[in-house]
**Q** 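Please see the structure below; I have some questions.
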Amino acid sequence: MTIRTRFAPSPTGYLHIGGVRTALFNWLYARQHGGQFILRIDDTDRERNIEAALTPILHGFRWLGLEWDEGPEVGGRYGPYFQSQRAEWYQAAIEALLDRGAAYRDYASPDEIQAERDVARQDGQPFVYSRRFMAKTDADVKRFEAEGRLGVIRLKMPREGKLVLDDLVRGRVEFDWAAEQDHVIGRADGSVLYNLATVVDDHAMKISHVIRAEEHLSNTPRQVFIYQSLGHDIPKFAHLPYVAEPGSKNKLSKRKLDIYRKQRDFAKLADRGQRIAERLGISMNGENFSPVIVDFYEQIGFLPEALVNYLLLLGWSLDDKTEEFTRDRMLEVFSLERINRAPASFDPQKLMAFQARAMQQLPLEQKVALMIPYLQRAGMVADPPPDAVVSYARQIIDAAGDRIEMAGDILEYADFFTPDDQLTYDEKAFAKRLHKNSEAAGLLYKFHQILIATEVCDAGSFETLLKTFVDSEGINIGQIIHALRVAITGKGVGFGMFETMAILGRDRCAARIDCALRKL
RNA sequence: GGCCCCGUCGUCUAGCGGUCCAGGACUCCGGCCUUUCACGCCGGCAACACGGGUUCGAGUCCCGUCGGGGUCACCA
């Protein structure tokens with residue numbers, strides 16, 4: 001049997017982090033078995049702007065390297081892959097269900113149903129519809145319609161027995177048929193509902209394994225009933241635990257951002273992203289630019305493999321120590337059996353750790369290639385950048401080393417690109433290292449004199465120069481170096497002082513010291 | 001409330017009856033390195049929800065309790 005899995009996103013305009021994890025597991029399972037991963041668009045509801053809402057989603061999948069074998073833009077033998085274009089399949093299924101007595105036309109109004117539901121709930125009983133408005137004959141249909149009632153199609157669920165399901169993640173799960181409702185599968189206007197559409201499509205597209213989030217577990221009995229009634233083979237099911245909020249067991253939701261922003265770790269990541277976005281001039285709205293949305297990570301310069309690696313370990317593990325997985329390795333060792341049954345909460349800090357590690361391992365040239373576009377978008381370098389600018393940036397990136405954890409962090413070193421007389425100073429650092437340090441100005445002035453009288457240009461020579469100066473003054477290097485850093489970079493912290501000086505060059509260092517001195 | 005699922009450090013997890021006074025990773029806290037920051041290195045805090053069984057022996061099996069969550073739509 002060919003393994004075929006699918007992921008069926010709604011065209012909402014963004015890719016949710018939990019959804020991507022589900023998609024990843026589907027992708028891995030299909031690909032590791034030489035099968036196909038299908039993308040199907042769940043657009044039964046929204047007709048408008050599908051194009052615009054779909055683009056970011058497809059883009060996200062490609063960015064993460066989760067290529068689909070069939071679906072939008074790539075086609076496939078079992079298309080169309082948009083549910084809005086599959087109405088005839090659904091209609092045929094409804095007819096078949098009606099013919100076989102597995103479904104019926106029902107003329108109850110929503111209020112009448114709700115009233116029955118309320119009674120059941122009050123009694124602490126599962127709701128079972130009385131079928132009072134079920135049309136048994138054509139005459140019933142005429143009568144109900146004459147009363148002005150609108151008919152829907154309901155499943156005629158079994159009222160006894162049990163369904164035993166063998167879930168690939170959860171094991172044996174049992175449901176009483178009697179507790180199941182007569183779910184609506186078709187509306188009066190002829191449109192169909194989710195439960196019908198998924199079953200019809202999964203069957204038509206020969207999906208062998210339905211790997212989805214656990215909130216669908218309770219949908220499974222009604223879907224199985226449809227499969228059975230239509231005489232279709234039932235696929236294997238695997239229900240994944242959902243992804244929970246940072247520090248809680250609640251399901252992660254894109255609608256609760258206000259609450260997450262108060263959570264320390266989440267806020268830290270979100271703020272960091274915001275900072276980069278501001279520098280890039282990205283206009284963002286909270287819903288679409290947050291650590292819950294995949295696009296966020298691409299924008300701020302995450303490595304897709306880091307995100308994927310983290311997501312893989314969110315609910316799955318190989319053993320007690322392995323954490324780093326290449327794509328090939330995951331394909332080799334992934335298995336549904338090792339998926340955890342309890343929900344896993346999203347931990348921004350751990351994700352950050354994966355990203356930092358991946359960035360550390362990236363060769364310098366690749367970092368440069370990744371970061372130049374950020375400098376361009378922030379308006380710091382021309383497009384295309386002259387060779388000299390690229391090598392200047394390369395020196396900065398090299399010197400910054402693992403202080404740059406994501407590509408967008410390069411913007412923290414914007415001061416290397418600002419004209420010497422326009423440097424802005426960190427106020428606190430300036431006050432502490434220059435204003436409050438009475439000897440700073442004098443030392444800087446003297447060192448400035450020495451600097452302009454020499455021709456040094458490499459880090460080692462700058463170091464010798466400063467150390468010689470320090471010796472001759474009979475001071476500690478700490479007494480000048482902090483002031484020097486603030487004067488030259490505007491900040492109290494940064495990477496190696498001498499490398500910084502070498503990158504800027506003697507003239508610019510001198511000019512910057514001069515500017516700082518004038519501010520005093 | 002009905003149904004279903006879940007329950008090991010703050011978080012992600014290892015553990016499939018003895019080798020677990022519970023291991024790894026992230027975070028956090030010390031220390032070292034050091035011109036700052038970061039990296040790195042060393043060390044530390046920290047968990048089997050509870051109660052009954054079964055067993056020579058239980059984090060591991062069974063039952064119950066408690067707790068958490070999902071779902072109960074003419075949404076997906």
Side-chain angles (χ1 to χ4, degrees), chain A residues 8-10 12 42-45 83 106 108-110 113-114 117 120-127 150-154 165 167 169-171 173-176 178-181 183-189 191-195 197-198 212-221 239 241-242 244 246-251 264-265 310 313-324 338 340-354 356 360 400-405 429 433 463 466 470 476-486 489 491-498:
Chain A
S10 296
T12 49
D42 224 318
D43 57 350
T44 42
D45 256 8
Q83 293 195 321
D106 182 65
S109 71
I113 291 288
Q114 191 54 45
R117 215 192 309 272
R121 186 163 183 147
Q122 230 159 25
D123 297 347
Q125 294 296 318
F127 163 57
L150 289 172
V152 297
I153 312 294
R154 284 184 187 278
L165 216 71
D167 190 278
V169 170
R170 324 205 87 92
V173 184
E174 296 187 3
F175 298 88
D176 279 328
E180 282 292 316
Q181 306 179 34
H183 303 275
V184 174
I185 52 172
R187 296 190 184 92
D189 67 2
S191 60
V192 301
L193 271 354
Y194 168 76
N195 286 118
T198 7
R212 67 202 342 180
E214 82 173 284
E215 48 265 45
H216 290 287
L217 187 57
S218 49
N219 287 333
T220 311
H239 287 95
Y242 58 88
S248 113
K249 288 296 179 201
N250 293 1
K251 196 171 84 169
R264 186 175 122 251
D265 302 334
Y310 172 73
L313 263 2
L314 202 54
W316 180 87
S317 67
L318 175 66
D319 55 28
D320 59 341
K321 41 182 72 81
T322 317
E323 292 216 315
E324 281 187 68
R338 289 198 61 86
N340 228 75
R341 282 195 280 271
S345 53
F346 172 67
D347 181 353
Q349 286 197 119
K350 185 129 186 175
L351 169 56
M352 205 50 237
F354 275 92
Q360 263 175 25
D402 39 40
R403 290 171 187 81
I404 295 180
E405 295 183 324
R433 300 302 189 185
E463 182 165 4
L466 186 70
V470 161
N476 234 312
I477 194 161
Q479 288 169 268
I480 180 173
I481 202 162
H482 302 295
L484 188 59
R485 179 185 299 284
V486 175
T489 68
K491 291 178 189 157
V493 299
F495 48 79
M497 191 68 252
F498 307 113

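Order of the sequence lines sets the chain letters (A, B, ...), proteins ahead of strands, with each chain counted from 1.
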**Q** Could you measure between the two C1' atoms, the one in B:rA14 and the one in B:rC26, and give it in whole Å?
**A** 15 Å
**Q** Look at the side-chain N and O atoms of A:Lys249 and state whether any lies under 4.0 Å from the OP1 or OP2 oxygen of B:rC12.
**A**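 Affirmative; the distance criterion is met.
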**Q** Just call it for A:His183: base, sugar-phosphate, or nothing, with non-hydrogen atoms closer than 4.0 Å on any strand.
**A** nothing
**Q** For B:rG2, what is the paired nucleotide under Watson-Crick or G-U wobble rules, both distances under 3.5 Å?
**A** B:rU71
**Q** Does a donor on one side chain sit under 3.5 Å from an acceptor on the other, for A:Arg212 and A:Thr220?
**A**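 A donor-acceptor contact under 3.5 Å links the two side chains.
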**Q** Counting only side-chain nitrogens and oxygens, does A:Arg341 get under 4.0 Å of the OP1 or OP2 atom of B:rG70?
**A**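 False: A:Arg341 side-chain N/O out of range (4.0 Å or more) of B:rG70 OP1/OP2.
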**Q** Which part of the nucleic acid, if any, lies within reach of A:Pro110 when heavy atoms closer than 4.0 Å are counted: base, sugar-phosphate only, or nothing?
**A** base
**Q** If you find the nucleotide of RNA chain B closest to A:Ala108 and the one closest to A:Arg170, which residue's nucleotide is nearer the 5' end?
**A**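 Of the two residues, A:Arg170 wins.
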**Q** Using atom P in both nucleotides, what's the gap between B:rG7 and B:rG15 to the nearest angstrom?
**A** 13 Å
**Q** Please determine if a side-chain N or O atom of A:Ser248 lies less than 4.0 Å away from the OP1 or OP2 oxygen of B:rG68.
**A** no
**Q** For B:rC12 versus B:rG30, give the span between their P atoms, rounded off to a whole number of Å.
**A**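 After rounding to an integer number of Å, I get 25 Å for this pair.
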**Q** For A:Asn219, which contact category applies under a 4.0 Å heavy-atom criterion: base, sugar-phosphate, or nothing?
**A**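 It contacts base atoms.
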**Q** Mind checking the C1' distance from B:rA46 to B:rC28? Whole angstroms is fine.
**A**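 Comparing C1' positions in B:rA46 and B:rC28 gives a spacing of 10 Å.
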**Q** Compare side-chain N and O positions of A:Arg338 against OP1 and OP2 of B:rC16 and report whether any pair is under 4.0 Å apart.
**A**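 For A:Arg338, the contact criterion (side-chain N or O under 4.0 Å from OP1 or OP2 of B:rC16) is not met.
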**Q** So which nucleotide does B:rC20 pair with, by the Watson-Crick or G-U wobble rule with both distances under 3.5 Å?
**A** none
**Q** Can you confirm whether A:Tyr310 sits close enough to A:Lys350 that some side-chain heavy atom of one is under 4.5 Å from a side-chain heavy atom of the other?
**A** yes
**Q** Which part of the nucleic acid, if any, lies within contact of A:Gly494, taking any heavy atom under 4.0 Å across all strands shown: a base, the sugar-phosphate backbone alone, or nothing?
**A** base
**Q** Would you classify A:Asp402 as touching base, sugar-phosphate or nothing, given that sugar-phosphate means primed atoms plus P, OP1 and OP2, and contacts are heavy atoms under 4.0 Å?
**A**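 Base contact - A:Asp402 has a heavy atom under 4.0 Å of at least one base atom.
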**Q** Answer yes or no: does a side-chain N or O of A:Asn340 lie under 4.0 Å from OP1 or OP2 of B:rU8?
**A**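 Checking B:rU8 against A:Asn340, no side-chain N or O comes under 4.0 Å of OP1 or OP2.
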**Q** So which one's nearest nucleotide on RNA chain B is more toward 5', A:Gly186 or A:Val493?
**A** A:Val493
**Q** Any base atoms under 4.0 Å from A:Glu174, or only sugar-phosphate, or nothing? Heavy atoms, all strands.
**A**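 Sugar-phosphate only.
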**Q** Should A:His239 and A:His216 count as side-chain neighbours, where that means a heavy-atom distance under 4.5 Å?
**A**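 They are in side-chain contact.
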**Q** Within the 4.0 Å heavy-atom criterion, would you say A:Phe498 contacts the bases, only the backbone, or no part of the nucleic acid?
**A** base
**Q** When rounded to the nearest Å, what value does the distance between P atoms of B:rU54 and B:rG67 take?
**A**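 Approximately 27 Å lies between the P atom of B:rU54 and that of B:rG67.
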**Q** Is there a Watson-Crick or G-U wobble partner for B:rG40 with both distances under 3.5 Å, and if so, which one is it?
**A** B:rC32
**Q** Less than 4.0 angstrom between a side-chain N/O of A:Ser218 and OP1 or OP2 of B:rC72, yes or no?
**A** no
**Q** Roughly how many Å apart are B:rG23 and B:rC9, using the C1' atom of each and rounding to a whole number?
**A**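 My reading of the C1' atoms in B:rC9 and B:rG23 gives 12 Å.
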**Q** Roughly how far apart, to the nearest Å, are B:rC29 and B:rC45 at atom C1'?
**A**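 Here B:rC29 and B:rC45 have their C1' atoms 7 Å from each other.
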**Q** With heavy atoms under 4.0 Å as the rule, sort A:Arg264 into base, sugar-phosphate or nothing.
**A** sugar-phosphate
**Q** Output yes when at least one side-chain N/O atom of A:Lys251 is less than 4.0 Å from OP1 or OP2 of B:rU71, else no.
**A** yes
**Q** Determine the Euclidean distance between corresponding C1' atoms of B:rG59 and B:rC74; express it in Å to zero decimal places.
**A** 48 Å
**Q** Do A:Arg187 and A:Ser191 get their side chains close enough for a donor-acceptor pair, meaning under 3.5 Å?
**A**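 Looking only at side-chain atoms, A:Ser191 and A:Arg187 do form a donor-acceptor pair, the distance falling under 3.5 Å.
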**Q** Categorize A:Glu180 for me: base, sugar-phosphate, or nothing, with a 4.0 angstrom heavy-atom threshold over every strand shown.
**A** nothing
**Q** Please work out if A:Phe354 contacts a base, only the sugar-phosphate, or nothing of the nucleic acid, heavy-atom cut-off 4.0 Å.
**A** nothing
